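Reading through the structure tokens given below for one structure.
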Protein chains: 2
Amino acid sequence: MKSSHALSESQRLLTYDRVVTKTRRAIDTKAAILAAARARFAREGYRSTTIRAVAQDAGIDPALVMRYFGTKPELFAAATDIDLRLPDLADVPAGEHGERLVEHFLSRWDGRTAEGEVLLILLRSATTDATAAASMRELFARQLIPSLRPLIADESELPQRVGLVASQMLGLALTRSVLEISPVAAMPAEAVAANVGATIQRYLHEPLRP
Amino acid sequence: MKSSHALSESQRLLTYDRVVTKTRRAIDTKAAILAAARARFAREGYRSTTIRAVAQDAGIDPALVMRYFGTKPELFAAATDIDLRLPDLADVPAGEHGERLVEHFLSRWDGRTAEGEVLLILLRSATTDATAAASMRELFARQLIPSLRPLIADESELPQRVGLVASQMLGLALTRSVLEISPVAAMPAEAVAANVGATIQRYLHEPLRP
DNA sequence: GTCTATAATTCGATAGAC
DNA sequence: GTCTATCGAATTATAGAC
């Protein structure tokens, strides 16, 4: 009877080599699927993105997508599960908070980074898909609020202030990077940072109205 | 040979009556379809709304929807073809423009009027459907810009100013009425009008930054 | 005017060969 | 690990009976 212990050294190396190759390819495939999925979700939203299209973009078979991620909702969850790495503005002069925050988001969206892409994915999908909307609310509560907490003087005003900030920042992403309403889409990043930054600044530090 | 001229008076009345009844029912049916379509589009967006669901809501057969509106894109166009009836603020003191504008939109969205519903429909659909996105840009150019033109001192700044206004107003609709991010959704209308109104006021009348 | 029946696609998901 | 083949469900749209 031939057991695995009876393998010759060359056989073992061959087996090992094949396993490593398969594993590395699997990692590449998984990454390729995720990248293709993010791009599709970002352009077309959850509902219009098909497993078949993602597979074609990644250059593999649709069945592989199911094998790696199980279901379409799980693929979406994997594609959007990311730390936005929001900036720490504690050391920035208080008067520059608004402008710096807008600059940060603009560089993410305009530069099409992974973090920026995820935000656009959620924005495109959250308007029709309940799961994506929940992710957006969670992102607000778990990432945006904590990151801005150190900047707000009165803790009791934190949720309202961050809510107002979100209304302007998401509206900016929507008009500039999704709907591409021309005056906003064409506006230089510096002008956006200055004008919208002044609004964020007010929402963060100016007295709230009743 | 029996021609239509040979109909008796009672027969003619009967025929006429039947035609009138059918016509009135047709008008009702068409209106019922449109109302059901608006409600579905507003809640679920373009892609997820099905002809079958609309027909069921309207209490009629799916084939009737096709008969009256041809195709699904045409149904969508008919459901969103509406005059937003934006307010004329020419007689309002310049210092109140921002707050009044926010109050106007809030009453439309919170009260679920036809105009407000159409804006929410477009907002939910425009993130994934190119046709809806085009409708949104057209609405911006054909209705929002003209309605705000009389308020802006320097005509050359009109597009940028209205673009900034749109970024905040659409962001407000998104966070409050679509995503329902809690601090914004729970905020009393008066507080929203005051805080966001101040932003709109700045975008309309304060000096633009470079 | 309204409905039944169905054609023609498209998609998510599964089973199984290699 | 990867792919072929296919099922079952859902959807838009059409043809035609009543």
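In what follows, chains are A, B, ... by sequence order, proteins preceding strands, each numbered from 1. Only a predicted model underlies this, so the values are computations on that prediction, with no experimental measurement involved.
- Side-chain atoms of B:Arg52 come within donor-acceptor range of the base of D:dT12, with a qualifying N/O pair under 3.5 Å.
- Of all the heavy atoms in A:Leu106 and A:Ala189, the pair that sits closest is CD1-O, 3.6 Å.
- Annotation: B:Gln56, atom CD; neighbour count of heavy atoms from other residues, nucleotides and ligands within 6.0 Å does not exceed 12.
- Rounding to whole angstrom units, CZ of residue A:Phe69 and P of C:dT14 are separated by 16 Å.
- Rounding to the nearest 0.5 Å places CZ of A:Phe41 at 11.5 Å from CD of A:Glu117.
- Regarding B:Tyr46, its OH atom lies at a distance of 12 Å from the C1' atom of D:dT11, rounded to whole Å.
- Candidate nucleotides C:dG12, C:dC3, D:dA13 were compared by shortest atom distance to the side chain of A:Thr50, and C:dG12 ranks first.
- Regarding B:Glu74, its CD atom lies at a distance of 14 Å from the P atom of D:dT12, rounded to whole Å.
- In this structure, A:Arg67 atom CZ and D:dC3 atom C1' are separated by 11 Å, rounded to whole Å.
- The side chain of B:Ala63 lies closest to D:dT14 when the candidates are D:dT14, C:dG12, C:dT14.
- Here D:dT4 presents its P atom at 13 Å from CD of A:Gln56, a figure rounded to the nearest Å.
- Overall bending of the helix from C:dG1-D:dC18 to C:dC18-D:dG1, expressed as the angle between end axes built from five pairs apiece, is 0° (10° steps).
- Out of C:dA13, D:dA13, C:dT4, the shortest distance to the side chain of B:Asp61 is found at C:dT4.
- Counting non-hydrogen atoms under 4.0 angstrom, A:Ser48 reaches nothing in the nucleic acid.
- The nearest pair of heavy atoms linking B:Gln201 to B:His97 is OE1-N, 3.4 Å.
- One atom, CD1 of A:Ile51, and another, C1' of C:dT14, lie 13 Å apart when rounded to the nearest Å.
- OP1 and OP2 of C:dG1 both lie 4.0 Å or more from every side-chain N or O belonging to B:Tyr68.
- Proximity of B:Thr29 to the phosphate of C:dT2: a side-chain N or O atom is located under 4.0 Å from OP1 or OP2.
- When the C1' atom of D:dT2 is taken as reference, atom CG of A:Leu64 falls 5 Å away, rounded to whole Å.
- Nearest heavy-atom pair, B:Phe76 versus B:Ser125, reported as atom, atom and distance to 0.1 Å: CE1-OG, 3.7 Å.
- With a 6.0 Å radius and a threshold of 12 heavy atoms from other residues, nucleotides or ligands, A:Arg100 has its CZ atom at or below the threshold.
- The side chain of A:Met66 lies closest to C:dA13 when the candidates are C:dA15, D:dT2, C:dA13.
- Environment of CZ in A:Arg43: crowded, with over 12 heavy atoms of neighbouring residues, nucleotides or ligands closer than 6.0 Å.
- Nucleotide C:dC3 holds its P atom 7 Å from the CD1 atom of B:Ile60, rounded to whole Å.
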